[in-house]
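Only one structure is covered here, and it is reproduced in the block below.
Below, read A as the first sequence line, B as the second, and so on, with proteins coming before strands; counting in each chain starts at 1. Just so it is clear, the model here is predicted, and its values are computed rather than measured.
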Amino acid sequence: MRIATWNVNSLKARLPRVEAWIAEAAPDVLCIQETKLTDAKFPAEAFSALGYEAVHHGQGQWNGVAIISRVGVDDVATGFGALPDPYEGEARLIAATCGGVRFVDVYVPNGREVDTDHYVRKLEWLATLREWLQSTAAPGDPLVLLGDFNVAPEDRDVWSIDAFAGLTHVTDPERAAISSLCDWGLTDAFRRVDDADGRFTFWDYRNGDFHKGRGMRIDYLLVTDPVLERVESATIDRDARKGEKPSDHAPVVVELRD
DNA sequence: ATGGTAGCGCTGCTA
């Protein structure tokens, strides 16, 4: 089974690129973030034309997450259920079971600047995610928590740690929140098979960052042990960041043995 | 080169 995560930065602006990528990469399950659409405007028929079922959780203008699958979409859930959401009203989580694996697709809040209200609520959102996970799933389940985490787990996951001094995405509390998720029973599937530096999934549109190699690895797939033992390969599709109207993120693809 | 990009939606916010 081939699974992928991709922050598309507006599905309206990116639909032609997403359709082309699906046709070429042929994922079984693609989880996307930042659709920036209402549910009413989600182009489900574009995906059914390619042989995929899709479920979407959106609000319009900002955020929005979707799961696109050709191996079924069952038991769909959105948001944190009964738990209070520090970003109430923002569409940042959708979960579904596809091909026997539970997928939890997240768009973690950016946090803007350290020690602001947004940053504090980002940490609370991640703590809530851990609590929600613990109350709705077990580490022995085949599960993938994937998406745009807006946290670079290690110094080598940014192009220059010095350039990030005092900024969000690399602070100890943010990294501790990701570690806490992993402590529950998750492992970074990409790092399991690729230990190299300079592996990035996001490059800011500004300053020509992509062409200068100034990126960050903030999109990943955290998997439980039953999925980890099936991981065959993990790649970042940098080509998807090139060409006409690219997203500022590249897709991350993980191949699982059957 | 002391500014640069992109998307949303129409003024300035978000990333």
Give Tyr107(A) one of three labels, base, sugar-phosphate or nothing, depending on what nucleic acid heavy atoms sit under 4.0 Å from its own.
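Tyr107(A): backbone/sugar contact only, no base atoms under 4.0 Å.
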
Looking across every strand, which nucleic acid part, if any, lies under 4.0 Å from Asn110(A) by heavy atom: base, sugar-phosphate, or nothing?
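The residue Asn110(A) makes sugar-phosphate contact but no base contact.
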
Could you tell me how far dG7(B) sits from dG3(B) if I compare only their P atoms? Round to whole Å.
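Looking at atom P only, dG3(B) and dG7(B) are 24 Å apart.
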
On a whole-Å scale, what distance lies between the C1' atoms belonging to dA15(B) and dG4(B)?
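16 Å, rounded to whole Å.
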
What integer distance in Å separates [X]:[atom1] from [N]:[atom2]?
| X | N | atom1 | atom2 | value |
| --- | --- | --- | --- | --- |
| Phe210(A) | dG4(B) | CZ | C1' | 18 Å |
| Asp204(A) | dT14(B) | CG | C1' | 12 Å |
| Asp248(A) | dG7(B) | CG | C1' | 10 Å |
| Arg92(A) | dT14(B) | CZ | P | 11 Å |
| Asp209(A) | dA15(B) | CG | P | 17 Å |
| Asn7(A) | dA6(B) | CG | P | 16 Å |
| Tyr205(A) | dC13(B) | OH | C1' | 16 Å |
| Lys36(A) | dC13(B) | NZ | C1' | 10 Å |

Could you tell me which non-hydrogen atom of Val76(A) sits nearest to which non-hydrogen atom of Val73(A), and how far apart they are?
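The pair with the smallest heavy-atom distance is CG2-CG1, 3.8 Å.
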
Closest approach of Asp74(A) to Arg102(A) (non-hydrogen atoms, all atoms of both residues):
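It is O-NH1, 3.7 Å.
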
Between [X] and [N], does any side-chain N or O lie under 4.0 Å from OP1 or OP2?
| X | N | value |
| --- | --- | --- |
| Arg206(A) | dA6(B) | no |
| Arg14(A) | dG7(B) | yes |
| Ser10(A) | dC8(B) | yes |
| Lys245(A) | dG7(B) | yes |

Nearest to side-chain heavy atoms of [X], which nucleotide of [options]:
| X | options | value |
| --- | --- | --- |
| Gln61(A) | dC8(B), dA15(B), dT5(B) | dC8(B) |
| Asn207(A) | dG7(B), dC8(B), dG4(B) | dG4(B) |
| Trp62(A) | dC13(B), dA6(B), dA15(B) | dC13(B) |

Any Lys/Arg nitrogen of Arg70(A) or Asp28(A) sitting under 4.0 Å from an Asp/Glu carboxylate oxygen of the other?
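Yes, charged N to carboxylate O under 4.0 Å.
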
Donor-acceptor pair between Asp209(A) and Trp159(A) side chains, under 3.5 angstrom:
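There is no such pair (donor and acceptor under 3.5 Å, judged by atom type) between the side chains of Asp209(A) and Trp159(A).
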
May I ask you to decide if the ring planes of Phe202(A) and His249(A) are parallel, tilted or perpendicular, using 30° and 60° as cut-offs?
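Judged by the thresholds at 30° and 60°, the geometry between Phe202(A) and His249(A) is tilted.
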
Pairwise 5' ranking along DNA chain B for Pro246(A) and Arg112(A), keeping only the more 5' one
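Per heavy-atom nearest nucleotide, the more 5' residue is Pro246(A).
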
Specify the residue among Gly208(A) and Phe202(A) whose closest nucleotide of DNA chain B lies further upstream toward the 5′ end.
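That would be Gly208(A).
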
Same cluster or not: are Tyr87(A) and Val120(A) linked, directly or through other Ile, Leu, Val, Met, Phe, Trp or Tyr residues, by side-chain heavy atoms under 4.5 angstrom apart?
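Cluster IDs for Tyr87(A) and Val120(A) differ.
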
